[in-house]
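So you know, we letter chains A, B, ... as the sequences are listed, proteins then strands, and number each from 1.
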There are 2 protein chains.
Amino acid sequence: MPASKTARERARAELTREIKDEARRQLAEVGPHGLSLRAVARELGMVSSALYRYFPSRDHLLTELIIDAYNEIGEAAERADDPSAEPRDRWLRIWHGTRDWAKRNPHEYSLIYGSPVPGYQAPQDTITPASRVAQALVRVMEAADLAPAMPGPPLSGELAEQARRVRAALGTSLAEADLVRLTTAWTHLFGAISFELFGQYAGTADPADAYFAYTARQLGDLVGLP
Amino acid sequence: MPASKTARERARAELTREIKDEARRQLAEVGPHGLSLRAVARELGMVSSALYRYFPSRDHLLTELIIDAYNEIGEAAERADDPSAEPRDRWLRIWHGTRDWAKRNPHEYSLIYGSPVPGYQAPQDTITPASRVAQALVRVMEAADLAPAMPGPPLSGELAEQARRVRAALGTSLAEADLVRLTTAWTHLFGAISFELFGQYAGTADPADAYFAYTARQLGDLVGLP
DNA sequence: GTCTATAACTGGATAGAC
DNA sequence: GTCTATCCAGTTATAGAC
């Protein structure tokens with residue numbers, strides 16, 4: 001197989017991208033539940049059956065969009081990071097980079113962190129890209145001289161076991177207690193972004209810039225960043 | 001006007017409830033976006049136009065379901081609370097009571113804390129019931145002898161201003177810093193429940209019982225409970 | 001007065017004939 | 001591939017039953 005793609009391969013790749021772009025555009029209008037292969041085809045001047053050469057079903061198209069979204073938000077977090085900076089600074093950069101991507105792409109964000117689409121079952125392929133933001137946070141914690149487990153409660157057996165499984169999956173050497181603290185930070189990062197984007201801060205922390213900056217620091221303290 | 005309701009009033013109240021019950025059932029199957037007035041009417045043996053005597057539009061029906069859900073989860077939090085118990089215990093009861101309701105009513109939970117329904121604009125009427133869980137947490141903080149604002153970062157001007165507005169809205173006397181800490185706890189409570197229900201803990205903190213119990217304590221520490 | 005049913009309008013998705 | 005008939009959605013106007 002030659003390294004350079006044939007004309008047909010290039011055409012196929014291009015059309016695949018066009019289909020995904022159009023599907024993304026529609027996501028914004030009708031939501032994941034309303035995403036219709038036919039509508040995508042119509043907009044592209046194709047016939048719906050032609051799309052099935054590129055995506056075997058609507059759910060496969062959705063899965064691709066989900067994986068793309070996880071990768072994009074993960075890349076945004078990685079790009080915001082600066083491995084040569086101080087841990088505390090890196091932490092804040094990742095938090096803000098993640099939030100900025102979410103605010104620029106609210107519908108893609110809803111797709112991955114909003115309510116599950118009724119009738120859609122996410123395949124295993126989404127798990128790895130879904131962990132990229134968390135991995136960026138882990139790298140910062142690894143590089144930092146973490147404060148010893150704060151005055152927090154001790155870990156139950158089940159929790160310690162889960163932490164060990166996460167450690168194996170992420171290939172890190174962080175202590176169990178640190179991985180549980182990471183889970184809290186990770187949960188909070190997306191909890192705050194979701195509350196902001198989904199309108200829960202209306203009347204309280206809206207606009208959320210100041211609160212987000214505050215809580216990013218707060219969670220940095222919680223995980224023990226110096 | 002007599003205190004006891006007329007037969008017509010009773011019939012109307014009952015039918016209103018039946019419509020909402022059926023709509024709730026359908027919510028579980030097709031999601032908020034797929035909720036159809038016609039389908040509800042069909043299932044009830046009525047004709048769609050008849051529903052307009054009870055709800056002026058599909059969106060009004062959705063709004064009622066949203067308000068009911070906020071009130072139910074708020075009541076669940078209030079019922080779980082025990083004002084005579086120790087603050088720390090009350091805090092945990094409220095966290096678990098809220099989560100238990102969410103696990104028992106995942107579709108109603110998604111309706112209020114999931115992605116916004118495309119094309120639906122929530123009216124102001126939802127804000128007060130939406131704050132009931134937060135108010136339960138506030139009551140515990142008021143009754144407790146809170147630790148002075150932890151080693152956290154200082155409040156920016158915008159944040160302090162928002163905290164004062166929240167204080168006025170909730171009619172509490174908590175300090176600004178405490179209200180910001182409450183915001184973090186409130187965000188985290190629903191962030192963790194959403195992550196659990198929406199499947200984000202798959203492969204990590206799943207099942208989430210141990211982690212939830214842990215993080216509830218953790219956030220109790222963060223707000224300064226004794 | 002209060003409700004329900006009929007019928008009709010618009011708009012979109014879909015299925016099948018061609 | 002295209003065209004067309006059909007269906008289902010939200011909504012409204014109107015007529016008649018209680």
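- The side-chain contact (heavy atoms from CB on, under 4.5 Å) search around A/Val166 returns A/Leu170, A/Leu179, B/Thr204, not counting sequence neighbours.
- Pairs of residues two or more places apart, or lying in two chains, that qualify as salt bridge (charged side-chain N to carboxylate O under 4.0 Å, His left out) and include a residue from residues 89-100 of chain B are B/Asp81-B/Arg90, B/Asp89-B/Arg93, B/Arg99-B/Glu196, B/Arg99-B/Asp209.
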So if I define the base as every atom that isn't primed, P, OP1 or OP2, how would nucleotides 6-12 of chain D read as a B/S/- string at a heavy-atom cutoff under 4.0 Å?
---BBBB
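- Note on B/Leu61: nothing from the nucleic acid sits closer than 4.0 angstrom, heavy atoms only.
- Sorted by first and then second residue, the pairs that involve residues 116-140 of chain A and meet salt bridge (charged side-chain N to carboxylate O under 4.0 Å, His left out), not counting sequence neighbours, are A/Glu78-A/Arg132.
- Between B/Arg17 and B/Glu14 there is no salt bridge, since no side-chain N of the basic residue sits under 4.0 Å from a carboxylate O of the acidic one.
- Among residues at least two apart or in separate chains, salt bridge (charged side-chain N to carboxylate O under 4.0 Å, His left out) pairs with a member in residues 55-66 of chain B are B/Lys20-B/Glu64.
- The ring-ring contact (aromatic ring centres under 6.0 Å, His included) pairs that include a residue from residues 8-28 of chain A number zero, where partners must be two or more places apart or lie in different chains.
- Residue contacts shown for B/Tyr54 are limited to sugar-phosphate atoms, with no base heavy atom under 4.0 Å away.
- The nucleotide range of DNA chain C contacted by chain A, defined by atoms under 4.0 angstrom from heavy atoms of the protein and reported 5' to 3', is C/dA13 to C/dA15.
- Sorted by first then second residue, the ring-ring contact (aromatic ring centres under 6.0 Å, His included) pairs that include residues 103-143 of chain B, not counting sequence neighbours, are B/Tyr70-B/Tyr113, B/Tyr109-B/Tyr113, B/Tyr113-B/Phe190.
- Among residues at least two apart or in separate chains, side chain to side chain donor-acceptor pair (under 3.5 Å) pairs with a member in residues 26-54 of chain B are B/Glu22-B/Gln26.
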